[in-house]
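Below is one structure; the comments refer to it alone.
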Protein chains: 2
Amino acid sequence: MTVAPRRTRARRGDGELLRADLLRVAEQLLVEAGEAAVTLRAVAARAGVSTPSVYLHFADKAALVDAVALSVWGQLARLIATAAATSPDPFEALRLRGLAYIRFGLAHPVQYRLLMMRSPVPGAEDAELAAASDCFGHVVAGARACVDAGVFLGDPTALALGLWAACHGCVSLLIAKPQFPWPADLDAFIEDTVRMAGMGTAVMSRLVGPPRPVSHVLPGQLDALAHHLAAASDQDQEPT
Amino acid sequence: MTVAPRRTRARRGDGELLRADLLRVAEQLLVEAGEAAVTLRAVAARAGVSTPSVYLHFADKAALVDAVALSVWGQLARLIATAAATSPDPFEALRLRGLAYIRFGLAHPVQYRLLMMRSPVPGAEDAELAAASDCFGHVVAGARACVDAGVFLGDPTALALGLWAACHGCVSLLIAKPQFPWPADLDAFIEDTVRMAGMGTAVMSRLVGPPRPVSHVLPGQLDALAHHLAAASDQDQEPT
DNA sequence: TGTACATCAGTGAACGCGCGTTCACTGATGTAC
DNA sequence: TGTACATCAGTGAACGCGCGTTCACTGATGTAC
């Protein structure tokens with residue numbers, strides 16, 4: 001356990017400074033040594049204060065951890081929103097959101113685990129749910145834009161859930177099973193995953209009725225689709 | 001903590017009976033009361049033996065939990081293999097595998113969490129990795145069959161990873177965020193997710209070059225694809 | 001067929017640990033008069 | 001300008017808990033002779 005030099009006491013009215021410090025230290029500890037290492041004793045020691053001081057700013061340990069999660073949700077939401085603003089094309093903007101999401105998760109695996117893989121603890125998780133919903137709202141907005149453009153058909157919320165699930169699956173499987181035979185070019189794999197989710201959602205939203213065995217006709221139809229898409233984007237490249 | 005009546009001592013040579021009992025009880029406890037409730041004391045008490053008896057069959061607590069995970073992996077692998085055997089069409093068989101996977105996860109959320117969302121513990125996880133790889137092998141086989149049929153293009157292992165990730169995302173997001181605005185008809189959502197993964201992988205594996213903004217041409221192309229697929233399966237329905 | 005004995009399947013009591021949390025207390029500091 | 005005082009930002013020591021794990025021991029039972 002790293003013990004910091006004793007923290008100089010905050011001025012009167014500046015008590016909240018310690019709160020920010022505790023949050024920062026707790027996330028550091030989480031990243032460096034894992035969830036089990038985040039104890040009140042360790043957090044307080046590294047922040048340079050005594051253990052009971054934590055109770056001046058958080059009701060209990062769960063509240064501290066929840067606050068860390070809240071801060072991470074905020075970072076993720078901002079990142080997604082920023083990524084989406086890069087392109088005016090709704091389908092492309094959705095793709096950029098997915099990429100940003102996955103890359104954030106892989107860059108911060110321990111934090112991602114905190115957001116998505118924590119064991120369920122009964123109690124006040126309202127604040128975290130609100131933060132997660134806020135983040136989810138950005139995905140719904142992206143899905144809605146694609147529905148408006150005619151790329152997707154159906155309910156934007158349901159579509160967004162499917163898209164999120166696809167990206168989440170990619171991140172969380174990579175985090176949970178790093179020993180699986182992942183391709184050497186991880187970035188290409190991520191790009192493919194996002195493409196799969198986007199194209200898959202677009203096609204799936206048009207399929208009606210029960211699924212049928214179609215393996216004998218699919219290759220021809222799909223080759224034609226890919227050909228037309230390539231031709232269409234080549235045209236876009238030509239000066240008008 | 002449930003305390004069972006004292007277990008009658010096994011006959012000589014039948015010591016392994018307790019091992020099976022401990023495994024069964026540990027999984028029960030996990031399902032009924034969560035991961036935190038699986039303590040050696042609780043397991044032993046419910047099995048009707050003293051706590052140190054567990055050490056006669058497992059090196060330590062981690063070994064007990066690992067053995068539970070191993071058993072669950074086995075169930076899942078058998079389920080997937082059985083589901084796939086139902087259809088001769090490779091694309092349809094892959095769909096059935098995905099459905100079976102997701103439904104297993106939703107039917108056994110606590111066990112699924114054990115397999116996929118446990119915190120990483122440094123140490124002997126070789127046996128579990130082997131069990132997971134065995135399970136994964138069934139998915140690779142399904143992807144390979146689709147490549148052979150021309151439905152997918154590319155490396156079956158990489159495709160299988162993407163498909164697994166998509167299904168895993170669906171299960172694990174449902175488990176992790178039950179408060180999200182999930183559709184009322186969950187089964188339809190699951191079917192759509194599997195369709196999305198299958199169709200998405202098929203289309204994605206044909207796309208080459210960098211992604212382009214194509215929102216203005218996608219709807220028309222996709223409508224045509226859906227139309228052709230529907231027509232093709234209607235033909236299948238006609239008596240030849 | 002009897003009996004000594006090795007082995008197997010457990011038991012009871014205890015150890016030490018680190019954790020979250022509580023409680024009574026301290027001492028600096030801004031403020032009212 | 002001095003000073004009493006309320007308040008704020010912490011501290012030190014301790015409590016109780018449940019956990020995984022260890023150790024010396026027990027008693028039934030199959031087997032060799």
Side-chain angles (χ1 to χ4, degrees), chain A residues 1-26 29-30 33-68 118-119 121-124, chain B residues 1-26 29-30 33-68 118-119 121-124:
Chain A
M1 187 194 321
T2 314
V3 180
R6 182 98 159 229
R7 196 169 179 279
T8 57
R9 183 192 193 133
R11 303 272 299 276
R12 250 192 162 191
D14 289 347
E16 293 300 303
L17 290 180
L18 176 55
R19 189 191 142 92
D21 261 26
L22 290 172
L23 274 180
R24 192 176 41 74
V25 161
L29 222 42
L30 183 72
E35 200 183 346
V38 182
T39 66
L40 292 190
R41 282 171 161 80
V43 170
R46 187 178 278 208
V49 294
S50 72
T51 311
S53 296
V54 178
Y55 288 89
L56 295 173
H57 297 286
F58 301 96
D60 51 22
K61 194 199 170 182
L64 170 62
V65 177
D66 282 354
V68 172
R118 248 198 306 176
S119 290
V121 275
Chain B
M1 184 194 322
T2 313
V3 180
R6 184 102 161 225
R7 197 168 179 281
T8 56
R9 184 193 191 130
R11 303 271 300 276
R12 250 193 160 190
D14 290 346
E16 294 299 303
L17 290 181
L18 177 55
R19 189 191 141 93
D21 262 26
L22 290 172
L23 274 180
R24 193 176 41 74
V25 160
L29 222 43
L30 184 72
E35 199 183 348
V38 182
T39 66
L40 292 189
R41 282 170 161 80
V43 170
R46 186 178 279 207
V49 294
S50 71
T51 310
S53 297
V54 178
Y55 288 90
L56 294 173
H57 298 285
F58 300 95
D60 51 22
K61 193 199 170 183
L64 170 62
V65 176
D66 282 354
V68 173
R118 247 196 309 175
S119 290
V121 275

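Treat the numbers as computed from the prediction; the structure is a model and nothing was measured. All chains are named by letter (A, B, ...) in the order of the sequence lines, taking the proteins before the strands, and each is independently numbered beginning at 1.
Contact check, Ser53(B) against dT11(C): a side-chain N or O comes under 4.0 Å of OP1 or OP2. A close approach under 4.0 Å does not occur between any side-chain nitrogen or oxygen of Ser50(A) and OP1 or OP2 of dG12(D). Between dT22(D) and Tyr55(B), no contact under 4.0 Å exists linking OP1 or OP2 to a side-chain N or O.
Atoms CZ (Phe58(A)) and C1' (dG10(D)) sit 15 Å apart, rounded to a whole Å. Taking atom CG of residue Leu56(B) and atom C1' of nucleotide dG12(C), one finds them 14 Å apart after rounding to whole Å. Atom-to-atom, CG of Leu17(B) to C1' of dC8(C) comes out at 13 Å; the value is rounded to the nearest Å. In this structure, His57(B) atom NE2 and dC8(C) atom C1' are separated by 10 Å, rounded to whole Å. Rounding to whole angstrom units, CG of residue Leu29(B) and P of dC19(D) are separated by 11 Å. A straight line from CG of Leu64(A) to P of dT21(C) spans 11 Å, rounded to a whole angstrom. When the C1' atom of dG18(D) is taken as reference, atom CD of Glu35(B) falls 17 Å away, rounded to whole Å. Look at CG on Asp21(A): it is 14 Å from C1' on dG10(D), rounded to the nearest Å.
Figure legend. dG30(D) is base-paired to dC5(C); pairs are counted as Watson-Crick or G-U wobble with both atom distances under 3.5 Å. Applying the Watson-Crick and G-U wobble criteria (two distances, each under 3.5 Å), dT22(D) pairs with dA13(C).
Comparing dC19(D), dT21(D), dC19(C) against the side chain of Thr39(A) picks out dC19(C) as the nearest.
The shortest heavy-atom contact between Leu23(A) and Ala67(A) is CD2-CB, 3.5 Å. Ala47(A) and Ala4(A) get closest at one heavy-atom pair: C-CB, 4.4 Å.
Taken to the nearest 0.5 Å, the CG atom of Leu40(B) stands 5.0 Å off from the OH atom of Tyr55(B).
Residue-to-nucleotide proximity on DNA chain D shows that, of Arg11(B) and Ala62(B), the 5′-proximal contact is made by Ala62(B). Comparing Ala37(A) and Pro52(A) by the nucleotide of DNA chain C whose heavy atom lies nearest to each, the residue mapping closer to the 5' end is Ala37(A). Looking at which nucleotide of DNA chain D each of Arg9(B) and Val38(B) is closest to, the 5′-most match is held by Val38(B). Both Arg12(B) and Leu18(B) lie close to DNA chain C; mapped to their nearest nucleotides by heavy-atom distance, the more 5′-ward contact belongs to Arg12(B).
Checked by distance alone, Arg41(A) brings a side-chain donor or acceptor within 3.5 Å of a matching partner on the base of dG20(C).
The shortest distance between side-chain heavy atoms of Arg118(A) and Asp66(A) falls below 4.5 Å.
Across all strands shown, Arg19(B) has no heavy atoms under 4.0 Å from either base or sugar-phosphate atoms.
No donor-acceptor distance shorter than 3.5 angstrom exists from the side chain of His57(A) to the backbone of Leu17(A), with no hydrogens or angles considered.
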